[in-house]
Amino acid sequence: MPELPEAETIVRGLRPTIVGQFVRRAEVLREDILREPRANFARKLRGRTVTRVDRRGKNVLIGLDNDAVLAVNLGMTGRLLSFPSAPRGPSPAGHPAVRFHFRGGGVLIFDDTRRFGTVECLTASEWAERSDRMGPEPLAATYSSRDLYSALGTSRSPVRSWLLDQRRIAGIGNIYANEALYLAGVHPRTQARQLTHPEAVRLHRSIRRVLRNAIRAGGTTIRDYRTATGEEGQYARRLFVYGREEKPCAKCRTPIERIVFGSRSAFYCPGCQPAPPGR
DNA sequence: AGTGTATCCTGCAGGC
DNA sequence: TGCCTGCAGGATACAC
């Protein structure tokens, strides 16, 4: 999906355009995006005012004036597109699932080709419970390499799979997991518990560097991802390994390899990320 | 506690 | 041109 940098970019684009807006109507075009009947959902939204837009992991959070939270998970192809006035002519969204109509004519569209995304209207405590089950925010000022090292703990899971587990660390998906491991010089198949302290320090630094740089570039557009204003993210050109099978490594020219485990592709440089011992 | 597999969907690229 | 297969930024549930 949209991972942390894409969600963050969307949040930053949305914040100035929808905070303070009054919801006249939530129009649900694809009910399977919700986790409740559309009438329920629409009733909870009608007449509310947006008070804040935030992010937790890969989720976009739209806070309402009764402390309810609209939690949007973008899945693989979800988009949140904001329009100052109702778009005319051919729909700018190819697969609109939910349209939020604001007083004054503004429209927020959740568009999702594959419909793996979800839009849920949760109470503050329902959201808190959900958030508590998620791992720490890797970009939090207080998130340290010691936190990462101790969390890796005794897990026998390959570190690439470990990084994708939102209960362990929030916001990392397949693109940035692979990029961070490359920059840290750690093979994606290394067991989490096998990382040395220096490797964990490098991984911590790489994760934060990759995520920050991707945010600065507005995220990675492979195909579907767009910012809240419909722009493409520019980080794709800066990827070192993701999607670059057989292309030369930028550092050592060894061809990048693709392996599959955990039913996802992992990309790495055999020269810069030596195979873990015992394999 | 792990891994592999399937599932939810649609669209696109590549091979023939 | 058309058909078929495989693959995709996610998340979950299941059997083993």
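A, B, ... follow the sequence lines: proteins, then strands. Residue 1 opens every chain.
- Ring centroids of A:Tyr143 and A:His204 are separated by less than 6.0 Å, placing the two rings close together.
- Checked against B:dT10, C:dC7, B:dT5, the side chain of A:Ser263 finds its nearest nucleotide in B:dT5.
- When the P atom of B:dT3 is taken as reference, atom CD of A:Gln191 falls 8 Å away, rounded to whole Å.
- The distance between atom CZ of A:Arg35 and atom P of C:dA11, rounded to the nearest whole Å, is 12 Å.
- Using the six-membered ring where Trp is involved, A:His187 and A:Tyr268 have ring planes that are tilted, between 30° and 60° apart.
- In this structure, A:Gln166 places its CD atom 15 Å from P of C:dA13, rounding to the nearest Å.
- Side-chain atoms of A:Asn73 lie closest to C:dA11 of the nucleotides B:dT3, C:dA8, C:dA11.
- The closest side-chain donor-acceptor pair between A:Arg160 and A:Asn174 falls under 3.5 angstrom.
- You'll find the side chain of A:Val50 reaches within 4.5 Å of the side chain of A:Leu64, heavy atoms only.
- Between A:Tyr176 and A:Tyr235, the angle of the ring planes lies from 30° to 60°, which puts this pair in the tilted group.
- Spacing between atom CZ of A:Arg130 and atom P of C:dT12 amounts to 8 Å, rounded to whole angstrom units.
- The number of heavy-atom neighbours closer than 6.0 Å to CZ of A:Arg193, taken from other residues, nucleotides and ligands shown, is above 12.
- A residue-by-residue look at A:Asp32 and A:Ser157 shows that A:Ser157 has its nearest nucleotide of DNA chain B further toward the 5' end.
- Here the rule is side chain to side chain contact (heavy atoms under 4.5 Å, CB included) with A:Leu80, and of A:Ile18, A:Leu14, A:Val119 only A:Leu14 fits it.
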Please lay out, stage by stage, how A:Thr77 and A:Asp112 fare under the test side chain to side chain donor-acceptor pair (under 3.5 Å). CA-CA 5 Å; A:Thr77 55; A:Asp112 188 359; 2.5 Å; yes
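- Contact check of residues 111-118 of chain A against DNA chain C (heavy atom, cut-off under 4.0 Å) returns A:Arg114, A:Phe116.
- Using a 4.5 Å cut-off between side-chain heavy atoms of Ile, Leu, Val, Met, Phe, Trp and Tyr, A:Phe22 forms no hydrophobic cluster with any other residue.
- Regarding A:Arg167, its CZ atom lies at a distance of 11 Å from the P atom of C:dA11, rounded to whole Å.
- Taking a pair as Watson-Crick or G-U wobble with both distances under 3.5 Å, DNA chain C forms stems of 3 or more consecutive pairs at B:2-8 with C:10-16, B:10-16 with C:2-8.
- Distance from the side chain of A:Arg223 is smallest to B:dA13 among B:dA13, B:dT3, C:dG10.
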